[in-house]
Amino acid sequence: MKRTEENGFTLVELAMVVVLFALVSTMVMASLKTYRYETLEAETALHLSMTESAILEFKSMEGRYPCPADPSLGPTDMNYGIEDCTIGLTQAAPSVDRDADGTVDNVLIGAVPFMTLLDPEGDGFAGTATFDGWTDDDADGIKDVLYTERMTLDGWKRKLTYAVSANQTNALTYNDTFGAISVVDEHNNNVLQLSDSAHFVVVAHGEDGFGAYTREGIKVSNCNPLYVPLPAPAPPLPPKTLNKDEQENCDGDSKFMNGIKINIEDSYNDDSIRVDLSNITDFWMKSGMSSVYNKNPGYVGIGMPDPQEQLHVGGNIRAEAVHSTQFCDEVGDNCMNTEAIAGNLAAMKCPNPNEVVVSIEDNHVNCAPAFAGPIVDTCPPGEFMTGISNITGVICAAP
């Protein structure tokens with residue numbers, strides 16, 4: 001009889017196969033998880049950008065920003081996605097620059113009012129707004145940005161938070177110079193060109209969703225309850241400097257944090273934020289093809305933090321030619337018309353041929369007959385005129 005043998009895997013070989021399979025599966029799952037996270041992050045970044053563009057187009061059309069919508073409302077609510085100018089009202093932090101006018105600046109915080117963006121008049125003739133698409137049936141809302149409800153949500157399908165300076169939501173009080181929102185980095189340092197001056201911010205609350213609302217209006221979680229800053233070590237160790245965490249973006253005040261994404265216990269941040277800055281450059285406006293002018297109603301200082309004139313320069317001025325109507329002393333008195341220096345005025349000439357100039361004052365010359373004395377009106381023999389004083393007349397000196 002012919003004998004046959006069948007060979008199989010040993011237990012060691014099977015164990016190695018299982019281990020290799022586990023390793024490959026782990027790497028594949030990690031890659032898929034990373035890919036999914038990056039996809040959701042990319043979608044969030046796109047929606048933040050589109051939302052910012054939609055709000056800016058609304059402002060361009062209406063002369064104001066929209067108020068936020070109530071984040072606790074869902075698609076079945078009548079006012080879902082419609083601005084509410086009483087929602088999330090909080091008083092802005094004091095600012096030396098902004099509070100000089102004596103007014104109280106407030107900030108409104110809520111969800112993105114996508115229906116108001118599409119239908120500012122609220123007349124029901126907005127473009128057809130659906131979760132997946134948008135068609136422009138009436139064109140009374142934004143039209144340069146093809147905006148949809150989906151873009152009010154982040155990649156995890158949670159509502160973006162929209163905070164806006166309250167005075168900027170009214171066309172009568174809108175001022176594109178200063179907002180009332182403060183934005184800091186993870187170390188609580190101001191990141192704005194002018195502190196406490198952002199017009200609005202749009203925040204995505206990241207993968208953890210702390211402080212965010214779902215599309216249905218349900219709050220995902222209270223504001224960052226898990227990441228509590230650790231107390232500073234007791235002496236003699238030096239005190240520990242703690243970073244600001246993402247709680248700044250959901251605590252209901254007028255300050256927001258735009259910092260690096262970090263995942264450590266006392267400084268966690270996975271939020272994304274878009275900031276519309278105070279339009280400082282709008283002080284300078286274009287006029288015609290090549291001219292600009294400054295529309296600041298106050299004073300402008302160059303090298304002067306506290307200017308006292310419409311243009312106050314703390315330094316030297318250099319120009320090929322200076323065009324002016326007057327030159328005055330440093331307190332604004334004793335002004336002299338430039339025509340008296342660079343013109344051909346009769347007041348700067350002696351009317352009689354036998355008179356000479358003995359002084360200059362109040363934009364005219366004083367004349368006296370030659371050799372009239374005691375004011376020196378001509379130089380003695382051997383000397384030459386080197387100047388004119390409004391006190392002593394002609395100034396003479398030996399060569």
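- The shortest heavy-atom contact between Ile181 and Leu192 is O-CD1, 3.5 Å.
- Taken from NZ in Lys159 to OG1 in Thr214, the straight-line distance is 7.0 Å, to the nearest 0.5 Å.
- For residues 301-334, the disulfide (SG to SG under 2.5 Å) pairs, not counting sequence neighbours, are Cys328-Cys335.
- Side-chain contact between Ile55 and Val202 is present, with heavy atoms from C-beta onward closer than 4.5 Å.
- Following chains of ILVMFWY side-chain contacts shorter than 4.5 Å, one can reach Ile82 starting from Met151, so the two form part of one hydrophobic cluster.
- The shortest side-chain heavy-atom distance between Cys367 and Pro351 falls under the 4.5 Å cut-off.
- Within the 4.5 Å cutoff, no side-chain heavy atoms of Val313 are placed close to those of Pro307.
- Here the rule is side-chain hydrogen bond (donor to acceptor under 3.5 Å, both in side chains) with His205, and of Asn249, Thr161, Asp270 only Thr161 fits it.
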| said: Please determine whether side chain to side chain contact (heavy atoms under 4.5 Å, CB included) holds for the pair Leu345 and His364, giving the CA-CA distance in whole Å, both sets of side-chain angles, and the decisive distance to 0.1 Å. | reply: CA-CA 9 Å; Leu345 300 181; His364 67 85; over 6 Å; no
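- Under a hydrophobic-cluster definition in which Ile, Leu, Val, Met, Phe, Trp and Tyr are linked whenever side-chain heavy atoms come within less than 4.5 Å, directly or via other members, Val112 and Ile218 are assigned to different clusters.
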Would you give me the side-chain donor-acceptor pairs under 3.5 Å for residues 317-324, sequence neighbours excluded?
from, atom 1, to, atom 2, distance (Å)
Ser324, OG, Gln326, N, 3.2
Ser324, OG, Gln326, O, 2.7

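- Nearest heavy atom pair, residue Pro66 against residue Val164, reads O-CG1, 3.8 Å.
- Formation of a donor-acceptor pair under 3.5 Å by the Glu83 side chain with backbone atoms of Cys67 is found in this model.
- For the atom pair Phe58 CZ and Tyr147 OH, the distance stands at 12.5 Å (nearest 0.5 Å).
- Between Trp156 atom CH2 and Glu43 atom CD the span is 9.0 Å, to the nearest 0.5 Å.
- Contact detail for Ser254 and Ala180: the closest heavy-atom pair is CB-O, 4.3 Å.
- Listed for the Thr169 side chain is a donor-acceptor partner under 3.5 Å among the backbone atoms of Ala166.
- Side-chain N or O atoms of His47 include none that pairs as donor or acceptor with a backbone N or O of Thr152 at under 3.5 Å.
- Of the possible donor and acceptor atoms, none in the side chain of Ser221 sits under 3.5 Å from a partner among the backbone N and O of Phe210.
- At a threshold of 4.0 Å, the pair Glu41-Lys261 counts as salt-bridged, since one of the basic side-chain nitrogens sits closer than that to a carboxylate oxygen.
- Interatomic distance, Leu160 CG to Leu153 CG, rounded to the nearest 0.5 Å: 6.5 Å.
- Asn334 contributes no side-chain N or O that, together with a main-chain N or O of Asp329, makes up a donor-acceptor pair within less than 3.5 Å.
- Taking 4.0 Å as the cut-off between side-chain N and carboxylate O, Glu149 and Arg215 count as a salt-bridged pair.
- For the pair Thr44 (side chain) and Asp154 (backbone), a donor-acceptor distance under 3.5 Å is absent.
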| request: Using the side chain to side chain contact (heavy atoms under 4.5 Å, CB included) rule, take Met50 and Val145 through it: C-alpha gap first, then chi angles, then the decisive distance, then the call. | output: CA-CA 7 Å; Met50 296 295 286; Val145 180; 3.7 Å; yes
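- In this structure, the separation between OG on Ser72 and CG on Asp77 is 7.5 Å, given to the nearest 0.5 Å.
- Between Arg64 and Asn170 the shortest side-chain heavy-atom distance does not fall below 4.5 Å.
- Contact check for Thr90 versus Ile109: side-chain heavy atoms found under the 4.5 Å cut-off.
- Between the side chain of Asn106 and the backbone N or O of Ser165 there is no donor-acceptor pair closer than 3.5 Å.
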| request: Go through the steps for Asn189 and Val184 under the test side chain to side chain contact (heavy atoms under 4.5 Å, CB included), then give the verdict. | output: CA-CA 5 Å; Asn189 297 319; Val184 297; 5.9 Å; no
| query | Please walk me through it: do Asn167 and Thr173 pass side-chain hydrogen bond (donor to acceptor under 3.5 Å, both in side chains)? | reply | CA-CA 6 Å; Asn167 65 315; Thr173 59; 5.7 Å; no
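- No chain of hydrophobic side-chain contacts below 4.5 Å, direct or via other Ile, Leu, Val, Met, Phe, Trp or Tyr residues, connects Met115 to Ile87.
- A donor-acceptor pair shorter than 3.5 Å can be found between the side chains of Glu361 and Asn366.
- Across all their heavy atoms, Gly209 and Val220 have their closest contact at O-CB, 3.5 Å.
- Of the possible polar contacts, none joining the Glu62 side chain to the Ser60 backbone as a donor-acceptor pair under 3.5 Å is found.
- Note that the CD atom of Gln91 and the CG atom of Asp105 stand 8.5 Å from one another [nearest 0.5 Å].
- In terms of heavy atoms, Ile302 sits closest to Leu311 at CD1-CD1, 3.9 Å.
- With sequence neighbours left out, the side-chain contact (heavy atoms from CB on, under 4.5 Å) criterion links Met304 to His312.
- The backbone N or O of Gly206 sits less than 3.5 Å from a side-chain atom of Arg158, completing a donor-acceptor pair.
- Note on Leu117 and Leu108: same hydrophobic cluster, where clusters join Ile, Leu, Val, Met, Phe, Trp and Tyr whose side-chain heavy atoms are under 4.5 Å apart, directly or indirectly.
- Taking the six-membered ring where the residue is Trp, the centroids of Tyr162 and Tyr65 are separated by 6.0 Å or more.
- Side-chain contact between Ile142 and Met61 is present, with at least one heavy-atom pair separated by less than 4.5 Å.
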| message | Apply side chain to side chain contact (heavy atoms under 4.5 Å, CB included) to residues Asp208 and Glu246 and explain how you reach the verdict. | response | CA-CA 11 Å; Asp208 61 19; Glu246 62 179 16; 2.6 Å; yes
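- Contact check for Asn188 versus Met257: no side-chain heavy atoms found under the 4.5 Å cut-off.
- Put simply, the side chain of Val275 reaches to within 4.5 Å of the side chain of Ile273, judged on heavy atoms.
- Heavy-atom neighbours of Glu216 CD from other residues, nucleotides or ligands within 6.0 Å: above the threshold of 12.
- Between Gly141 and Pro120, the shortest heavy-atom distance links the atoms CA-CD, 3.5 Å.
- A donor-acceptor contact shorter than 3.5 Å is absent between the side chain of Asn337 and the backbone of Glu339.
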